[in-house]
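Note that these values count all heavy atoms, side chains included, but never hydrogens, waters or copies made by symmetry.
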Amino acid sequence: MKPDTKLTQLGRKPSHNPLTVNVPLHRASTVLFDSMSVLRDIQTRFDNDEQVPTYGIVNLPQALALENAVAEIEHGYRAMSFPSGL
């Protein structure tokens, strides 16, 4: 794949539902879980380096898309974004 084409494809997953070109926007300040056991399971997955939403805007799909695209462009393992809230 040519570099310019790759840049247009980064951050997208074929599993997004609905199947849209861009990542769906999730505006949230709180992530809800069905029970404490589900929260503990998610936290364990997060602690094991899985990219799952945990708290606030951490690991929401649009943030992950940006961070994973930047990591791919820079040939890194991970990238982190820090929104200002402004």
task: Would you mind telling me which of Gln43, Glu50, Arg45 makes a side-chain contact (heavy atoms from CB on, under 4.5 Å) with Asp47?
output: Gln43
Exercise: identify the closest heavy-atom pair between [X] and [Y]:
X     : Y     : result
Ser81 : Ala63 : OG-CB, 4.4 Å
Pro53 : Leu60 : CB-CD2, 4.2 Å
Thr54 : Ile42 : CG2-CG2, 3.9 Å

- prompt: Which distance, rounded to the nearest 0.5 Å, do you find between the CG of Asp41 and the CZ of Phe46?
  reply: 14.0 Å
- request: Quick one: pull up CD in Glu72 and CZ in Arg78 and give me the separation to the nearest 0.5 Å.
  value: 13.0 Å
task: Check whether more than 12 heavy atoms from other residues, nucleotides or ligands sit under 6.0 Å from atom CG of Asp34, and answer yes or no.
output: no
query: In terms of hydrophobic clustering (I, L, V, M, F, W, Y; side-chain heavy atoms under 4.5 Å; direct or indirect links), are Met80 and Ile73 co-clustered?
result: no
